[in-house]
Protein chains: 2
Amino acid sequence: MHARGSGRQRGREDALSRERIVAAAIELLNRDGEAGLTFPALSRHLATGPGAIYWHVADKGELLTAACEAVVIRTLKAVPAGATPPDTIRALALGMFDAMAASAWIGSALIRAESSLTMVQLIEPLGQQICALGVPKKVRWAALSALLSYILGVGGQNAANQQYTHAHGIGRADYLEKICAAWKQLDAQTHPFARSVAGELRTHDDRADFLAGVNLILQGMSTLRR
Amino acid sequence: MHARGSGRQRGREDALSRERIVAAAIELLNRDGEAGLTFPALSRHLATGPGAIYWHVADKGELLTAACEAVVIRTLKAVPAGATPPDTIRALALGMFDAMAASAWIGSALIRAESSLTMVQLIEPLGQQICALGVPKKVRWAALSALLSYILGVGGQNAANQQYTHAHGIGRADYLEKICAAWKQLDAQTHPFARSVAGELRTHDDRADFLAGVNLILQGMSTLRR
DNA sequence: CCAGATGTTGGAATGTGATTCCAGTCGTGT
DNA sequence: ACACGACTGGAATCACATTCCAACATCTGG
């Protein structure tokens, strides 16, 4: 990457730009998942060569980070403000959940985020609500950290599941059915729990479970209130 | 991969075997992280060619899954049983935390785990304790799911941090210092929270925070008790 | 309007790693 | 000794990420 911040002189209307590249990257990522983002594919999509792309971005990692940041910012901006702290936290969490469900790649990209700057976009609003919730200063970071890890953890797992079903060309229902069957096969003595919940897998609602988890954490936080 | 399950006939003492390959993979992973596991490196390590390795394992993914499973099983076996449910859950969680801290690659490997079988190793004992905790049947899965996602989420983030510091050749302290400095640079109007917790970053204890998060979830679960 | 100077481009060249192929090797049963 | 099948090692393929570089466009000053 070279692009200086200095004098833009040109004005070709078909100009390549960091924005157009990031937009194309997001398109590829949403269509084919993390594996879909390759320089050959990107070059084809933008009708150019890899060299031109490297003029605007340092490497693939930076591209992923930029794409991730764009989506996260767009997502969080859409979350309405003004509700009670718990409701706002739920809205923020669900917003991220939905975004990560729609774009599985965000999960892994956000976690490996080289720039903690994207993460701040999420940390700040969550943190503010935790403060508003009355969580004592001493444990604010721990509380935030728990919430954040939970949100990212769920996102990561959903992403993994989606990637799996996508890669194997099977539907979510078939996937769950397969796991359910495998778990029911387990030994009753050593794996009573897995067997007992196997059935629920087929019908469970990821989003509802996620919300339940957020509520569990909120519930726990409420006991911290001074 | 071809290796049939049928007739082992040979007995060459220098024989390659799935076990030896997985052990070598774990060694490479622990030494150089996820990027350290390559077939050239593995071949060198085992003094053979890639073709021989492919006779025993299907592909890199299977190798990663197998390595992950081996470490997870070893880790969970070391967790003492017999304590109260909350204590056992804490012990299981901390066991995984420590394992993921020592072997950052487990985090990402476990999440992308193609085989839900490895995951069961973790789900089963956690689930049993949740039952013992008296969590109503209706919400057992949700409770487990929350705990699991949290554990994996923290592991994933720690892995990302370690990978970052390792890749950039800087220490954990320098890394935190850098983030702290960046956060203090933020606008006080828009990012009051990030600024206010920035200082804590430098001195916080990941393990303690993790435990606090587990306790938060346990706390929340206790309110579910019928 | 022309000659540099410079930002930009597209594609070729390089290097690395996953995966496949295949021509042996070695031990076993006959 | 012979044939067979499990196993091996390395060469051959392929798909990228990244770097290089020979044009090209546009602007600047004359």
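Excluded from the calculations below are hydrogen atoms, water molecules and symmetry mates; all remaining heavy atoms, backbone and side chain alike, are included. Letters A, B, ... mirror the listed sequences (proteins, then strands); counts begin at 1.
- Note on Ala41(A): nothing from the nucleic acid sits closer than 4.0 angstrom, heavy atoms only.
- Between Ile21(B) atom CD1 and dC7(D) atom P there is a gap of 11 Å when expressed in whole angstrom units.
- Using modelled atom types, one side-chain atom of Thr165(B) and one backbone atom of Gln162(B) make a donor-acceptor pair closer than 3.5 Å.
- In this structure, the side chain of Arg195(B) engages the main chain of Lys184(B) through a donor-acceptor pair within 3.5 Å.
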Pick out the pairs of N or O atoms, protein on one side and nucleotides 16-23 of chain C on the other, that lie under 3.5 Å.
unit_1	atom_1	unit_2	atom_2	d
dA18(C)	OP1	Lys60(B)	NZ	2.7
dA18(C)	OP2	Phe39(B)	N	2.6
dT19(C)	OP2	Tyr54(B)	OH	2.8
dT19(C)	OP2	Lys60(B)	N	3.1
dT19(C)	O5'	Tyr54(B)	OH	3.2

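- Under 4.0 angstrom from either OP1 or OP2 of dT9(C) there lies at least one side-chain N or O belonging to His56(A).
- For the pair Trp55(A) and dT9(C), the criterion of a side-chain N or O lying under 4.0 Å from OP1 or OP2 is not met.
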- Task: Report the C-alpha distance between Glu27(A) and Arg20(A) in whole Å, list the side-chain angles of each, state the deciding distance to 0.1 Å, and finish with yes or no for salt bridge (Lys or Arg N to Asp or Glu O under 4.0 Å).
- Result: CA-CA 11 Å; Glu27(A) 208 169 314; Arg20(A) 284 213 319 133; over 6 Å; no
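- Relative orientation of the Tyr54(B) and Phe39(B) rings is parallel, given thresholds of 30° and 60° on the angle between their planes.
- Across the protein-nucleic acid pair, Glu34(A) atom CD and dC16(D) atom P stand 14 Å apart, rounded to whole Å.
- Taking the side chain to side chain donor-acceptor pair (under 3.5 Å) definition, one finds that Asn158(A) meets it with nothing, sequence neighbours left out.
- We find that CG of Leu46(A) is positioned 16 Å from P of dT8(C), with the value rounded to whole Å.
- Ion pairing between a basic and an acidic side chain is recognised when a charged N comes within 4.0 Å of a carboxylate O; Glu69(A) and Arg74(A) show no such pairing.
- Here dG7(C) presents its P atom at 18 Å from CZ of Arg18(A), a figure rounded to the nearest Å.
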